[in-house]
Amino acid sequence: MEITDHRPDPKVGDPNLDLAGVQGAVWELIVAPEGVAKALEEGPGRREALAALLAGDERATAEERLDVYANMYFFRIKAALEEDFPRTAAVLGEARWHNLVTDYLLAHPSTHWSLRWVGRRLPAFVRARSGREGFPPWLGDLSELEWARGAAFQAEDAPAATRADLAAVAPERWGELRFAAVPGAQLLVLGWDVPAAWDALEEQRGSGGPVPDVPVGPRTVLVYREAGDDAHEALEGGEAHATRMLFEGRDFAEVCETFLPAVEDAAEGTAEISPEAAEAAGARAVALLVSLVDRGVLRLARPAGEAG
Amino acid sequence: MAVDRPVPFLGFGIGLRREHYREILEGEPRCDFFEAISENYMEVGGRAREVLLAVRERFPLVLHGVSLSIGSTDPLDTGYLRALRALAEDVAPEWVSDHLCWTGVGGHNAHDLLPLPYTEEALAHVVERVRRVQDALGRRIALENVSSYMTYRASEMPEWEFVARVAEGADCGLLFDVNNIFVSGHNHGFDPRTYLEAIPPERVWQIHLAGPSERGALLLDTHDSPVRDEVWELYRLALLRFGPVSTILERDDHIPPLAEVLAERDHAARIADHPDRRSPNRGSPTGGQVCDP
């Protein structure tokens, strides 16, 4: 697999380097994608320049010493990405995963103080490689779900709405309720039914066996944290749409309306919704709301007392 | 020996690692205090935060960061400082520490502890930034000496002079990592006792102990093995010079069962009981290259 080298020429060797210059020169060599030795071979005078920057001795040359840092840079971040994307890494296999991480770090070096965020652009990076040899078309969806679950696991705590909160609202004010997703809870729309293959992908990761089939989607997936663990659940059409409305802060009354049956002659203005149908729609919306509240994924954005 | 320090003596503890969460919370670990990696709990909720708060209820706690990047020529990360301050306000640690190093430049982060050149320019740069960090956090901090594998030709002073002058100039504490001076002494060919003797005792708030690994002729600070005999001996000498200092055993890779880490903690406590007694089984602090003090 070819790797494009986008590195600027190292500035090592300038005897007047200040602290910023020293750090810049060291940085360019330790992030070189194929190691310090290869980087030194690629430009005239680079080896001499390194010797002017760093000292070696009988224990190890300057190059060998710098290479310790180059290795730690790459393998520490690669290990962190493997924790965040274990199934994606397993599907690709070690060689492709290694090259993917190399390319990814060239394109998206870590810019955040926490390793937790280093993989935030990896799902899109994987998706852009869809169809290449060894990259199944659903791999972008898989990495997106893995990333979302990790985000849910670590998301900051926030007070979630409870059944008691709902019970405290007078029934006639429920239509005015608005909600929002707690940090880490989100809806993903995936082109492939990755949730259906989630467990099989985990088994493949452990066994190194053949990659399982992933059915075609689309699928809307709720990702959340429950009792401290990250989780996901595929939602069906009506529930998926209504959940999105709740996350967007729409009035609960509007959410209820999404469960009303389609009325063919609504354009004529003559349609009527039967009381039974309205009651059924309301019951479905309430059931969804309670199930989401029980999962701890909603916070009250506008209690009834503040409605208006 | 009584040394006047602005922080209490906490005894002997271990690094808080998720592999041990359950045992710590469900048992009665023989541990005086814990050290948590700050970044693992900053802007993070869920189980990690729950565990940290539960541990804090039962034990003294110190926070130890890896991303302050005090020596970088990039601007200080104000978002990082805000998040660290918020965590410190939540868990009320006995103190907060980080490393005397840089972790990135040009807006990029290596997530590694890169050594500084020991120059007057770097010294002034770090001292000024430590003062700003202490203002931003509303507390003094301690900085840890890092292990190093490379030697800058630009350095104008030995590492121990640089470390001591940072502490004095910035009026901060030191987290004295005994294994790191053993590792760096091995890698650069200096006697760690020279380093030890240059450190002002009243600046030493805490000690770290850990085990290195070998890569060719170099030692790496990997925290993946037991403390070596030479490091135990150096620890004894450190206690002779510094007096009682709060001590943490660190493991970050190949993390063994809790009992094994606690056994090393116990060993540290036993040495601290009688630092004047040199065990015949203990190695030389220089790995046998230099004669006894």
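Every chain is numbered from 1 and lettered A, B, ... according to where its sequence line falls, protein lines coming before strand lines.
In this structure, the separation between CG on A/L19 and OH on B/Y152 is 8.5 Å, given to the nearest 0.5 Å. Here the CG-OG1 distance, from A/L17 to B/T119, works out to 11.5 Å after rounding to the nearest 0.5 Å. Note that CG of A/L54 is 8.0 Å distant from CZ of B/R153, once rounded to the nearest 0.5 Å.
You'll find the side chain of A/V26 reaches within 4.5 Å of the side chain of B/W102, heavy atoms only. Put simply, the side chain of A/I30 does not reach to within 4.5 Å of the side chain of B/D112, judged on heavy atoms. Between A/S114 and B/M42 the shortest side-chain heavy-atom distance does not fall below 4.5 Å.
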Listing, residues 149-160 of chain A side-chain donor-acceptor contacts under 3.5 Å, not counting sequence neighbours, or none:
| residue | atom | partner | partner atom | Å |
| --- | --- | --- | --- | --- |
| A/R149 | NE | A/D230 | OD2 | 2.7 |
| A/R149 | NH1 | A/H232 | ND1 | 2.9 |
| A/R149 | NH2 | A/D230 | O | 3.0 |
| A/R149 | NH2 | A/D230 | OD2 | 3.1 |
| A/D157 | OD1 | A/R225 | NH2 | 2.9 |
| A/D157 | OD1 | B/G46 | N | 2.7 |

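For a residue to count as touching a neighbouring chain, one of its non-hydrogen atoms must lie under 4.5 Å from one of that chain's; by this rule B/N187 touches chain A with backbone and side chain alike. B/A48 does not touch chain A: none of its heavy atoms, backbone or side chain, sits under 4.5 Å away. Of the atoms belonging to B/L113, it is backbone heavy atoms, and not side-chain ones, that fall under 4.5 Å from chain A. Only the backbone of B/T103 comes within less than 4.5 Å of a heavy atom of chain A; no side-chain atom from C-beta onward does. Only the side chain of A/V22 comes within contact range of chain B, judged by heavy atoms closer than 4.5 Å.
Between B/H111 and A/S110, the side chains place a donor N or O and an acceptor N or O closer than 3.5 Å (distance only, hydrogens not considered).
Classification of the B/Y80-A/W113 ring pair by plane angle, with boundaries at 30° and 60°, yields perpendicular.
Interface check for chain B: of the options A/D57, A/V118, A/D67, the most heavy-atom pairs under 4.5 Å are formed by A/D67.
A salt bridge links B/R18 with A/E83; the closest basic N to acidic carboxylate O contact falls under 4.0 Å.
Here B/D224 pairs with B/S213, B/T222, B/D253, B/H254 under the side-chain contact (heavy atoms from CB on, under 4.5 Å) rule; sequence neighbours left out.
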